Amino acid sequence: MTADGRKSINDGLPIPRLVMPFEECTANPAGSATEASLWTWVDSFELTPTAGSRRHLERTETPWIASLFYPRATRHVLPLLTQHLAWAFIVDDQFDDGPVGRDVAQATSAVAELRAQLETNPAPAGSRPARALHDIWTRAVAERSRGWIEQFGTSIEQWLYSLRHDAEDRWHDHRPTIAEYRQRRRYGSGMPMFFDLAELSLGVDMDPRLRALPEYSRARLWLAEWIGLHNDIYMARKDLEIDPAHNAVCIVHRTGRRSLEQSLVAVAEMADHCMTRYLECERDCLSAFDAVAPSPRARADAARCFDSYRQVCRACFDIEGRTQRYRNASDYLAAARHGRDEAPDWTAERLFGD
């Protein structure tokens with residue numbers, strides 16, 4: 001059944017209804033089989049070296065999320081996609097919640113090392129996340145087109161640069177406006193990476209003429225922004241305590257002199273606008289692609305590509321209120337900190353600079 005929104009309570013706050021025009025997906029049946037291989041991979045790079053960091057990744061329920069993101073991935077491809085998702089969560093937590101995201105020099109060094117792993121012959125990685133990224137990148141780009149590799153590399157870069165930008169904000173006590181933040185949230189959500197991997201999950205490599213269309217890029221960014229704002233709604237209470245400058249609800253609450261509940265509604269309206277614009281751009285993109293007379297296979301691949309983006313978006317809609325990571329996050333945050341100004345225990349051991 002098509003969902004037109006849901007209303008619930010999370011972290012004591014009423015979650016406003018959002019427009020959701022995409023059908024709910026059935027999880028990939030191979031998902032449950034990836035859990036053991038995921039932990040073997042995580043342990044091989046020592047990405048969760050403490051009990052707190054392991055507990056936080058467990059509450060994220062990565063194999064289940066990956067099975068919703070990539071419902072048609074084969075059992076041979078899904079483990080790689082699940083490992084990338086876990087890696088992204090771990091790196092994001094190090095920046096958003098830990099010391100590396102509050103020190104410009106550390107953040108700049110970490111981003112530079114991660115970015116270097118996308119080069120053809122990078123220098124040996126020093127940190128654990130960089131070594132893990134090198135493994136992911138090497139396996140993901142095998143047998144992919146130059147266009148896809150360049151797009152995936154750009155998506156990773158833009159996400160990393162947004163993490164560094166947020167660190168600069170914290171270091172200089174800069175609080176972005178809602179307009180500035182929304183522009184950056186498109187990349188900070190990291191979703192273009194997952195859109196790229198959704199193509200890989202289908203075995204699709206898009207016609208270069210489609211990638212070149214401005215409507216194609218715009219559609220992806222509108223959908224990425226929707227997902228970012230939707231996440232901000234669910235994480236508002238947690239971010240109010242740990243990072244209020246980088247959550248749309250918190251920014252509206254601070255600058256618009258609105259209650260938290262009113263701010264939630266305002267951000268939901270922003271998200272609905274993003275969804276409207278995405279649907280328009282998707283339609284315009286496919287129409288523009290039809291105008292260049294693609295082959296039947298290329299046209300079918302384009303439709304499957306956008307369908308895979310919709311599936312990722314719908315998965316994000318479904319997981320926010322259901323996984324332990326997003327449900328009542330301020331409760332586990334309080335338990336993971338000994339003091340209000342202390343980083344949570346899942347960042348107790350730094351993964352960069354080791």
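Just so you know, these numbers come straight off a predicted model, no measurement behind them.
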task = Using side-chain contact (heavy atoms from CB on, under 4.5 Å) as the criterion, point out the one residue from T62, V42, D92, L133 that pairs with W87.
result = L133
key: With Q83, the side-chain contact (heavy atoms from CB on, under 4.5 Å) member among L78, L38, T34   = L38
inquiry  = Any salt bridge linking E349 with R54? Criterion: basic side-chain nitrogen under 4.0 Å from a carboxylate oxygen.
reply    = no
task = Classify the ring geometry between H246 and Y181 as parallel (under 30°), tilted (30 to 60°) or perpendicular (over 60°).
result = tilted
Parallel, tilted or perpendicular, as decided by the 30° and 60° cut-offs, for the rings of Y309 and F195 = tilted
query = Would H165 and Y161 count as a ring pair (Phe, Tyr, Trp, His ring centres under 6.0 Å) if you check the C-alpha gap in whole Å, the side-chain angles of each, and the deciding distance to 0.1 Å?
reply = CA-CA 6 Å; H165 201 162; Y161 293 155; over 10 Å; no
Can you tell me if [X] and [Y] form a side-chain donor-acceptor pair at under 3.5 Å?
| X | Y | answer |
| --- | --- | --- |
| S53 | T50 | yes |
| Q106 | R350 | yes |
| R131 | H134 | no |
| D97 | W346 | yes |
| R237 | S330 | no |

message = Please determine whether salt bridge (charged side-chain N to carboxylate O under 4.0 Å, His left out) holds for the pair D205 and R146, giving the CA-CA distance in whole Å, both sets of side-chain angles, and the decisive distance to 0.1 Å.
response = CA-CA 10 Å; D205 216 324; R146 179 180 296 275; over 6 Å; no
Option passing salt bridge (Lys or Arg N to Asp or Glu O under 4.0 Å) with E225 (candidates R185, R218, R186) = R186
task = Evaluate the ring pair (Phe, Tyr, Trp, His ring centres under 6.0 Å) criterion for residues H273 and W226: first the C-alpha distance (whole Å), next the side-chain angles of each, then the deciding distance (0.1 Å), finally the verdict.
result = CA-CA 8 Å; H273 173 72; W226 184 97; over 10 Å; no
request  = Tell me whether the guanidinium CZ or amine NZ of R144 lies under 6.0 angstrom from the six-membered ring centre of F152 and within 45° of its axis.
outcome  = no
task = Run the numbers on R310 and E282 for salt bridge (charged side-chain N to carboxylate O under 4.0 Å, His left out), then give the verdict.
result = CA-CA 10 Å; R310 289 173 172 231; E282 178 191 289; 2.8 Å; yes
